[in-house]
Amino acid sequence: MPDVTTTATSTDATPAADGRFAAPDPALAVGTRHAGFTVERVEPVRELSGQAYLMRHDATGARALWLACADTNRAFAISFKTPPADDTGVFHILEHSVLCGSRRYPVKEPFVNLLKTSMQTFLNAMTFPDKTMYPVASTNVTDLENLMGVYLDAVLHPAIYVRPRIFEQEGWHLEADEAGDLSYNGVVFNEMKGALSDPDDVLYQELSRSLFPDTAYGHESGGNPRAIPTLTYEAFLDSHARHYALPNSYVVLYGDLDVDRELALIDERFREAAEVAGEKDHAATTPAPTVGAPNPLDLQAPVRAARREVRMATAPSNSEIGLSYVLGTAADRTRVLAVDVLLDALCGSNEAPLKRRVLDAGLADDFSATLVDGVLQPQAMFVLRGLRPGAGEKFRALVEQACAELAEGSIGRDKLEAALSQAEFNLREGDWGGYPDGVALAITAMSSWLYDDERPLDYLRYEDALAELKAGLDEGLFERLLRELVCESAHCAEVEIVPVEEGSSAEEAAELAEIRSRMDERDLEAVRAEVAALRAEQEAPDAPEALATLPQLTVADVEDPAPEPAPADAEAPLPCIAHELNTHGIDYVYHYFDLRRLDFADLPYVGVLCDLLGRLDTARHTASELDTAIETNLGSLDFFCETYSRDDDLSYAAPTLVVGGSALGEKVDALATLPAEVWGTTRFDDLDRVRDVLTQRKVALEQYFVSSGHTAAATRANTYFSSAAVAAGAMSGLDYYLFLRELLGSWEERSGALPARLGELARRVFTADEVTVSFTGSAADRARFWEAGGSLGLVATGEAAHRLAVPAPTPRNEAFIIPSDVSYVVRALGPSAADAGTLGCWQVASRALSYDYLWNEVRVKGGAYGCGFRHTREGLSALWSYRDPSVDDTLARYDGAAAWLADWQPGQAEFEGYVVSTVAAHDAPVKPRQLARRQDVARFGGRAAGWRDELRAQELAATPAQVRALAAALGDPAATRCVCVFGGRDAIEASGAGFDSVTELIR
């Protein structure tokens, strides 16, 4: 499970073709040896425009795979097969713990030091249901090798054997307050309390428990808070010794590499590990674990599990039921892809045939289908959320009857072709979100390699599988698959989540009370003494000689980035920004409609408009036909709201409705015409469909508040200071959620007027008066776009005056109750007259505060899973925590941030490391679409050309004295300070933060 937010995205959509990788390298022929590795197979991977070299380490049997292609955002990953044998989360705790120091690097947090000082474009670790992965990426070869070296030593020689309190910090420990009341604390313990406050997470795990009662997948790999405290230190060490062994490892190298050089580095570390195997350093009181075999990862024999109800302390609206069907094994890559396509055709939108059937039955608020892959036995999971009374008893019969009928040939070839087109587009685009290509592809390779040494490439390839699926359209492939998957399934399960008032928190309290009843005062003092010892270890600074062991780049290692291609104003029927970037045959278009001619009361309805467009009938197509046309011809079509601000004016707000679309170059005509059809001719009179969509949006926002409360709280806190944030909140934030909740709660009274209001609003928004079109792709495709689209159906109304009046922001302290056992705590600060720093200097300070002060105070000592600091161009600051067991303790730690910064005395190497990592984040490569969007937003925000170069220069010029000087602004008593907390009722009601208001969000 990822531990931090990464700072980068990847390079171009697909690695460019390069002559060096068009054919296998003869020097790497099968049977050749390279730095202790023997090449076993060489295969082209045309989807990557490169070659795959599968190798084996001669001395240890470790596996290695090099994906050779022209990408300079290079990556490395080492992974271990780690199937859990219980719910203690031992592999999740190990994932955290091995990054807390090692033999070569005896510092407390080398992982954090690397975040602070390296040029990484990705640095993280993840626990999956059956594996643990440690991937890194960087555009700098020296930096990549530094990261590789630290990670290899971390996993092979971690300090957990000599520092037992790492286990207490990252896993769990007992604490006792002055009154003698006990509590559990620990980073993973608190993380999983947050994770298992999400009904979706609980449902998935309970379905897995039913489907796989005899295998590793029946256990919670992340750890169940009720089981985590049963894990002993000895079992923790034993799990590491048995699983972090080289014969149980998988290495992936990716990109444009000197492979012999990188293999030599890996070989050195592997040989060292082999030499000391069984001779690990151990604490004097800790016996060396007996190294046995790793836990087994077996196939589960088919089971048809009886329906189960699982009671969970959550809001009544969070009731849900899941139905899962095992589709086979990961070895059948084509079948897995086929199920993905099938589920999209059946349930990918409200108009897909199975989803429409379920929604029309009126059983619940929403219905979805998900492919669960990346495991030995993938499954198709159907989930019904927001249940009506009696829905649980009817759900399975409804799904299976509908699937039986659809399997007789009524899925619709057009739906299947559309889903295939969408799958092909997504695979070709290769947009992995926040993951560089090399990291994402390393994860993808493990989807087959973990289960079969001979099959590392199955999930990297898709061309042949797509061709087989297209041919199967005429042979009833998908209908047959649906019949086998659902109607004839011998391996399935059904679980319902039943909300109750009390759950795991009450069980935890009872458990702690029972433990306390067996303790006397000496026992309590022992608990307090151990916590004090843990705190002392956490607070002790690393020795200078230990810090000196860590590899580190200097400012001199920072290279000037390639110039950023500048956009241009193109001749077109409407104002057009042209981004001529290498998009590998994909075109992206964004239409920006200025909303300042509206009234503020219109903005929530703009949010409704965005939610509905593309999901209702138009003048030419029914909703179902439109959905098919979009999936067949476009890669994406999205309607969303943004509000642009100005760096020097918190009262400035330019709310904008953005229509974004993408398509393969050969379908640019559809990119020019389909969005215009939607915004120009949508009919809003089907109120049943409208209510379905808005209810689903409400449910999605509720899930967002629980899973990403830190982001929700920080976004809400911006509304205390910024008019742009107030406008954004009305269209898509917390205020929009409250608007939706009220609208749906009084639907019968208010819905009748909705069609006319939305139709009139669309006519006022989608005009030629103040629209700007941004096109990313080739000049030839742009010309074809305008030839096909003309003026995009837009006409000028002459109503160009801006009249929008956004209410003034109101500073306040707020709390929002969500069904969660953890909190998300934000302290927000307004601009300060004492702030004389540049934004570049603040960027360096943000990294120091996030990865030094807050990491140590809020995460290490406080037990929160995440924390951070940010400072915006408008002068706003915010400190935040993620999955936090505390509210008041965290706020108290925030209060110490200014004093810490004022006294900060970094050494030259430490400070240079912060500058290097700050500039590296600034220079991180992005996809063409992301670059174009970044440039568009800068333009609408009034930023001058070259602003990023100026910011970068400020980062490079920052000094420790300048960073310390920022403490005056951070601690300014005259600056406005506000608090926003999303958390459970008990934590909020127990807080002494003095909230102006407390709102229960999810009922």
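Position 1 is the first residue of the sequence, and the numbers go up from there.
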Residues His92 and Glu191: side-chain donor-acceptor under 3.5 angstrom: yes
Side chain to side chain, Tyr217 and Leu297, heavy atoms closer than 4.5 Å: yes
Side-chain heavy atoms of Ile78 within contact of Leu152, under 4.5 Å: yes
Under 3.5 Å donor-acceptor, Gln935 side chain and Pro565 backbone: yes
Asp340: salt bridge (charged side-chain N to carboxylate O under 4.0 Å, His left out) partners, not counting sequence neighbours: none
Gln422: side chain to side chain contact (heavy atoms under 4.5 Å, CB included) partners, not counting sequence neighbours: Asp344, Asn426, Glu631
Residue from Arg933, His579, His591 passing side chain to side chain donor-acceptor pair (under 3.5 Å) with Ser774: His579
Between Glu95 and Thr127, a side-chain donor and acceptor under 3.5 Å: yes
Pair Glu429 + Lys927, salt bridge at N-O below 4.0 Å: no
By salt bridge (charged side-chain N to carboxylate O under 4.0 Å, His left out) - contacts of Glu463 (at least two apart): Arg428
Side chain Tyr824, main chain Val706, donor-acceptor under 3.5 Å: yes
Residue pairs, two or more places apart or on separate chains, that pass salt bridge (charged side-chain N to carboxylate O under 4.0 Å, His left out) and touch residues 135-150: Glu145-Arg261
Non-hydrogen side-chain atoms of Asp781 and Phe775 separated by less than 4.5 Å: yes
Non-neighbouring partners of Phe80 that pass ring-ring contact (aromatic ring centres under 6.0 Å, His included), sequence neighbours left out: Tyr244
Check: Ala64 main-chain N/O paired with Trp66 side-chain donor or acceptor under 3.5 Å: no
Interatomic distance, Tyr451 atom OH to Asp458 atom CG [nearest 0.5 angstrom]: 12.0 Å
Arg335 (side chain) donor-acceptor with Leu327 (main chain) under 3.5 angstrom: yes
Distance-only side-chain donor-acceptor flag, Arg333 / Ser447, under 3.5 Å: no
Contact check, side chains of Thr776 and Arg929, non-hydrogen atoms, under 4.5 Å: no
Modelled atom types, side-chain donor and acceptor of Ser636 and Ser662, under 3.5 Å: yes
Side chain to side chain donor-acceptor pair (under 3.5 Å) partners for Tyr882, two or more places apart: none
Nearest heavy-atom neighbours spanning Pro675 and Leu637: CG-CD1, 3.7 Å
Audit row: Asn113, Val150, side-chain contact (heavy atoms from CB on, under 4.5 Å) steps and yes/no: CA-CA 11 Å; Asn113 284 84; Val150 173; over 6 Å; no
Check ion pair Asp366-Arg697 (N to O, under 4.0 angstrom): no
Leu207 backbone acceptor or donor facing Ser324 side chain under 3.5 Å: no
Backbone N/O of Thr139 and side chain of Arg74: donor-acceptor pair under 3.5 Å: yes
Backbone N/O of Leu114 and side chain of Gln120: donor-acceptor pair under 3.5 Å: no
Trp880 and His710 aromatic ring geometry - parallel, tilted or perpendicular at 30°/60° bounds: tilted
Tyr53: side chain to side chain donor-acceptor pair (under 3.5 Å) partners, not counting sequence neighbours: none
Trp449 and Tyr250 aromatic ring geometry - parallel, tilted or perpendicular at 30°/60° bounds: perpendicular
Reported CG-to-CZ distance for the pair Asp256 and Phe21, which is rounded to 0.5 angstrom: 4.0 Å
Intermediate values then yes/no, side-chain contact (heavy atoms from CB on, under 4.5 Å), Glu564 and Arg934: CA-CA 11 Å; Glu564 195 172 274; Arg934 186 171 73 193; 2.5 Å; yes
Distance-only donor-acceptor check, side chains Tyr204 and Gln379, under 3.5 Å: no
Atom pair CG (Leu460) and CD (Glu43), whose distance is rounded to the nearest 0.5 Å: 10.5 Å
Partner set under side chain to side chain contact (heavy atoms under 4.5 Å, CB included) for Asp923, not counting sequence neighbours: Pro561, Val919, Arg952
Those residues that, when tested against Ser349, pass side chain to side chain donor-acceptor pair (under 3.5 Å) (two or more places apart): Asp627
Within residues 444-454 or reaching into it, pairs that qualify as salt bridge (charged side-chain N to carboxylate O under 4.0 Å, His left out) - sequence neighbours excluded: Arg41-Glu454, Arg56-Asp453, Arg63-Asp453
Residues Val341, Phe478; criterion side-chain contact (heavy atoms from CB on, under 4.5 Å); working and verdict: CA-CA 9 Å; Val341 171; Phe478 290 98; 3.9 Å; yes
Straight-line distance of Tyr134 OH to Leu99 CG, nearest 0.5 Å: 6.0 Å
Atom pair CZ (Arg461) and OG1 (Thr444), whose distance is rounded to the nearest 0.5 Å: 14.0 Å
Donor-acceptor under 3.5 Å (Lys667 side chain, Thr632 main chain): yes
Residues that Arg615 engages under side chain to side chain contact (heavy atoms under 4.5 Å, CB included), provided they are two or more places apart: Asn350, Val693, Gln696
Stepwise side-chain contact (heavy atoms from CB on, under 4.5 Å) check, Val251 with Ile266: CA-CA 9 Å; Val251 166; Ile266 297 169; 4.1 Å; yes
Close side-chain approach of Cys69 and Tyr254, heavy atoms under 4.5 Å: yes
Pair Asp936-Tyr590, side-chain donor/acceptor within less than 3.5 Å: no
Main-chain N/O of Ala330 paired with Tyr459 side-chain donor or acceptor, under 3.5 Å: yes
Distance-only polar pair, side chains of Arg847 and Ser917, donor-acceptor under 3.5 Å: yes
Flag, side chain of Gln51 to backbone of Ala22, donor-acceptor distance under 3.5 Å: yes
By side chain to side chain contact (heavy atoms under 4.5 Å, CB included) - contacts of Asn146 (at least two apart): Thr142, Pro551, Leu553
Side chain proximity check, Met148 to Leu253, heavy atoms < 4.5 angstrom: yes
Pair Glu424 + Lys470, salt bridge at N-O below 4.0 Å: yes
Euclidean distance, Leu466 CG relative to Ser421 OG, rounded to 0.5 Å: 10.0 Å
